[in-house]
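Worksheet: one structure, shown below.
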Number of protein chains: 2
Amino acid sequence: MKSSLYFLRIAFITGILFHSLINVQAQDPAVKPEQKHVKYVFLFIGDGMGLAQVNLTEGYQAALEGKIGFEHLNFTKFPQVGLASTYANNKLITCSAAAGTALATGYKTNIGRIGMDPAGEAPYESIATKAKKAGFKVGIVTSVSIDHATPAVFYAHQPHRDMFFDIGRELPKSNFDFFAGGGFLDPDSVINGVNLNLVQLAKDSGYQVVNSRAAFEKLMPGSGKALVLSPHVVTEASLPFYIDMNPDDITLSDYTAKAIQMLDNDKGFFVMVEGGKIDWAGHINDAATLVQEVKAFDEAIARAIEFYQKHPDETLIIVTADHETGGLALGNRETKYESNLELLKYQKSSEEAMIAIVDDFRAKKTADTIAEFNRMLKALENDLGLNSRLHETLLDSAELITLKRLFIKSVYSINTERGIYGNNEPFISEAVTIMNKKAGISWGSSAHTAINVPVYSIGPGSESFSGYIDNTDIPKNIGKLMGIQE
Amino acid sequence: MKSSLYFLRIAFITGILFHSLINVQAQDPAVKPEQKHVKYVFLFIGDGMGLAQVNLTEGYQAALEGKIGFEHLNFTKFPQVGLASTYANNKLITCSAAAGTALATGYKTNIGRIGMDPAGEAPYESIATKAKKAGFKVGIVTSVSIDHATPAVFYAHQPHRDMFFDIGRELPKSNFDFFAGGGFLDPDSVINGVNLNLVQLAKDSGYQVVNSRAAFEKLMPGSGKALVLSPHVVTEASLPFYIDMNPDDITLSDYTAKAIQMLDNDKGFFVMVEGGKIDWAGHINDAATLVQEVKAFDEAIARAIEFYQKHPDETLIIVTADHETGGLALGNRETKYESNLELLKYQKSSEEAMIAIVDDFRAKKTADTIAEFNRMLKALENDLGLNSRLHETLLDSAELITLKRLFIKSVYSINTERGIYGNNEPFISEAVTIMNKKAGISWGSSAHTAINVPVYSIGPGSESFSGYIDNTDIPKNIGKLMGIQE
């Protein structure tokens, strides 16, 4: 107390001189970051990217370099780390809609709601909408369909995430400056006898709609609001998994670079970038595909870091997740203390793309099931690295019996069971599970889990995203730092 | 740059006045904490306490209060959060010896080493030893045997964690002021034809050895160095699991309170407190026992917080883990998005203690296996909450078949399979696994995993334990903050 009083007395005596000192301090972002307003904000949401997903990718990167441990990603080098709780208003294990609403609006809501209250009656305003109203440019970028839960919560208000047409119809009403994603899941509808198409509605509202690589590259600032839809979409109007992409496919990193180019202006911007298929790889428990999705997400973040390096005092980058997906563990009951993460490199395509192998066998199968199964084992060795003496991934007898049973069922039976999220195919799924096990990892669920998600951040005010926070704190703190929320 | 020069110019002009201002700032621990030396340091190590273990306990606490979400523990309210990598020098998935050595000495080593280099040849000095040399009092507290890996790395140097006698022989040589734990795992040995006993060796070195509740309560500062061994030890000379404790058992919280009482002095202290059986509950995948161990650990931390509140400018508390155990997920493949963590409250004792139920059935069994199995189901309903209509935990037919098969094997066969860490018993283990599943959680391993562990901290300098760090950074930063390491 004595020190404080002394300090105040000196302050009083020195008057103007002291005032100058305070002003100098206020300009130092490390001293009072909350008193400055950040101009450029990047919110990266790795859908389903829990701590285990981050660490798996880091461990895989290290293994590729012949090291034991973790090789940091771009975003895991950020100075601030937080942990965020993710639970929904009505359930401990959240969904992307409720968690997204929390991340976009600062309010907990019920499972399935898109930017609305738990009852699905009143809308919540998102940080993106607030930023737009305050004169910032706004961009929404995703690797899945542009009407999927995570992008939707930033511009739409619907009682359920599956109301894709209604969500898409709200997109142009947002007047946001830049959208980029896969496609629309439900682009056409008849309302009061009128045929409506979401792409046309966007055009009617002044959006330039881009749907080719050439047009994407030509897209320049000054040409107005833009909606980029991917020329190459797969399941549920999403970009292909990174592991399955062609060299000329537009990546999330390309989208992010374009967003920066389109949004950069003196009044600042807010952009949300979702790595949406990290979650999908988690749902199908496909580790090799997952690490490539995290790497693609990290590459997109690298674009933001390049921008940050030019404007370090005005740029805030936050990287987090809506929830963890898959109950991923960097250990396995059978491999115990052993790991061989490097094995994931032998998988050439996603589990989803590998279904084509099964379809090919179904189409060309002979009656000789043993010969066919042996031929399939060769395919698995080639495309997955499984059952290879060289890679020390030989199947044991129990694994062989399981795979053979599922092979007969998948290739020779009339009906096949296929799930959601990347058309889970039982035989391929089991082969990938065995390979994941041999790499020394395991999955506890094909759904989400309730564990805290990590929050990595850099830039002025990033301290407010450190410590143990709730997902609703994130947009609130962003709003305060941008000077658009009390 | 202009601002900085202006600042310097003013500083130069104002001379003494400015000097006073700087001094006032230096006394504020939030401004330059690393320039002050902390006097009292608590390092709490939750063995096997990954983020999932913390969150499960928080989710369970909330569920008990009828809330959806997480109820913060004492230590999860700390302002600083970090994530620490845990990998060993020679393996991605570490063990308590290698991870403990990292946490105690700041060096990575190989699996199994106790305070020694990877080759097991050269000793590393621990932060506890450095603190003792610098004049701080030092305490080592654990809920497992006092020669177990985590306590051992702070005072011993042995090439392998299983060299219990040699480890125990180093205990009195440390000259540390206070030890409290279960017992010694290998107290007697014959060296060069001489019978040696570790308790006697400690006494010969001037330690007061306490082994009763009454003597423990009478133990007072000023009575010299003390070694407290628990009057009630179970498996491997450890304290009973908290869930199994009698009302008069000495708890980890009691040990911590006594450590503070014994160590408190003007020159300061360093104390390490291990919640050792969080790991053991993880190895046997026993969630109800685990949450009670985390709660017991949190209660011990509450004692440190009480001390912190009296000396907030001089006390640093760090809570972390050596590694995660069990690949715990707050979700389950079968229950998907549903959780019912509250169900864990019906389990009356640890999985280990429940083995007595099986032993009782083995001893008294009749030839009527169906009647016996039905009687066992009643016991499971009573002691575990399983197969209860009231709790909505009825067994489905697949679960019944599995349990019945294991029941016959466990109760009627001559040989039973039992593992390490709390004598895993297949029938009881399966019953607990089913109950954990019904609560909405799952386990991927019975070993450790490689995921980052959380680091929660409070006190001057705690910022240096935030962000993404390595386990070796923890003792280095403690040393710097205590002023005993460069």
Side-chain angles (χ1 to χ4, degrees), chain A residues 3-4 6-7 10 14 17 20-21 24 27 51-52 54-55 59 63 68-70 72 76-83 85 87-93 95 111 324 327-333 336-339 341 440-452 454 456 466-468, chain B residues 3-4 6-7 10 14 17 20-21 24 27 51-52 54-55 59 63 68-70 72 76-83 85 87-93 95 111 324 327-333 336-339 341 440-452 454 456 466-468:
Chain A
S3 301
S4 300
Y6 183 51
F7 184 88
I10 292 169
T14 55
L17 170 63
S20 306
L21 279 171
V24 170
Q27 283 164 25
L51 179 57
V54 174
N55 287 166
I68 291 163
F70 294 128
H72 279 221
T76 64
K77 291 176 189 157
F78 286 180
Q80 301 297 336
V81 164
L83 292 171
S85 43
Y87 58 90
N89 179 63
N90 63 337
K91 207 165 262 195
L92 187 65
I93 299 178
C95 74
I111 297 298
E324 194 271 351
L328 176 62
L330 276 74
N332 184 291
R333 197 172 297 282
K336 297 185 176 74
Y337 292 89
E338 301 303 321
S339 315
L341 301 184
I441 62 180
S442 57
W443 299 87
S445 180
S446 56
H448 306 162
T449 75
I451 195 167
N452 287 173
Y456 305 90
S466 71
Y468 190 172
Chain B
S3 302
S4 300
Y6 184 51
F7 184 86
I10 292 170
T14 54
L17 170 62
S20 304
L21 278 171
V24 170
Q27 283 164 24
L51 180 57
V54 175
N55 288 166
I68 290 162
F70 294 128
H72 279 222
T76 65
K77 292 175 189 156
F78 286 179
Q80 302 295 336
V81 163
L83 292 170
S85 44
Y87 57 90
N89 178 63
N90 62 336
K91 204 165 265 193
L92 187 65
I93 299 178
C95 74
I111 298 298
E324 194 271 352
L328 177 62
L330 275 72
N332 184 292
R333 195 172 298 282
K336 297 185 176 74
Y337 292 90
E338 301 302 322
S339 314
L341 300 184
I441 62 180
S442 57
W443 299 87
S445 180
S446 56
H448 307 162
T449 75
I451 195 168
N452 287 173
Y456 305 89
S466 72
Y468 190 172

Quiz item: For I441(B), is it the side chain, the backbone, both or neither that has a heavy atom under 4.5 Å from a heavy atom of chain A?
Solution: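 Answer is neither: I441(B) stays 4.5 Å or more from chain A.
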Quiz item: In terms of heavy-atom proximity below 4.5 Å to chain A, should Y456(B) be classed as side chain, backbone, both, or neither?
Solution: side chain
Looking at chain B, which one of [options] has the largest number of heavy-atom pairs inside 4.5 Å, strictly under?
options                           : value
L83(A), V54(A), V81(A)            : V81(A)
A447(A), A329(A), S445(A), A88(A) : S445(A)
G327(A), S442(A), G467(A)         : G467(A)

Quiz item: What are the two closest non-hydrogen atoms of G331(B) and I93(A), and how far apart are they?
Solution: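 Closest heavy-atom pair between G331(B) and I93(A): CA-CD1, 4.1 Å.
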Quiz item: Which atoms form the tightest heavy-atom contact between F70(B) and A450(A), and what is the distance?
Solution: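 Smallest heavy-atom distance, with atoms named: CZ-O, 3.2 Å.
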Quiz prompt | Gap between atom OH of Y468(B) and atom NE2 of H72(A) - 0.5 Å precision | solution = 4.5 Å
Quiz item: Roughly how far, to the nearest 0.5 Å, is CG of L330(B) from OG1 of T449(A)?
Solution: 6.5 Å
Quiz item: Measuring heavy-atom distances to chain B, does L341(A) have an atom under 4.5 Å in its side chain, in its backbone, in both, or in neither?
Solution: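 Contact with chain B: side chain only.
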Quiz item: Tell me, side chain or backbone of E324(A) under 4.5 Å from chain B's heavy atoms, or both, or neither?
Solution: neither
Quiz item: Under the side-chain hydrogen bond (donor to acceptor under 3.5 Å, both in side chains) test, which residues partner N55(B), sequence neighbours left out?
Solution: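 Here the qualifying residues are N452(A), E58(B).
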Quiz item: Y87(A): what forms a side-chain hydrogen bond (donor to acceptor under 3.5 Å, both in side chains) with it, not counting sequence neighbours?
Solution: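 With neighbours one apart ignored, the set is empty.
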Quiz item: So which of K336(B), K91(B), K77(B), Q80(B) has the biggest tally of heavy-atom pairs under 4.5 Å with chain A?
Solution: K91(B)
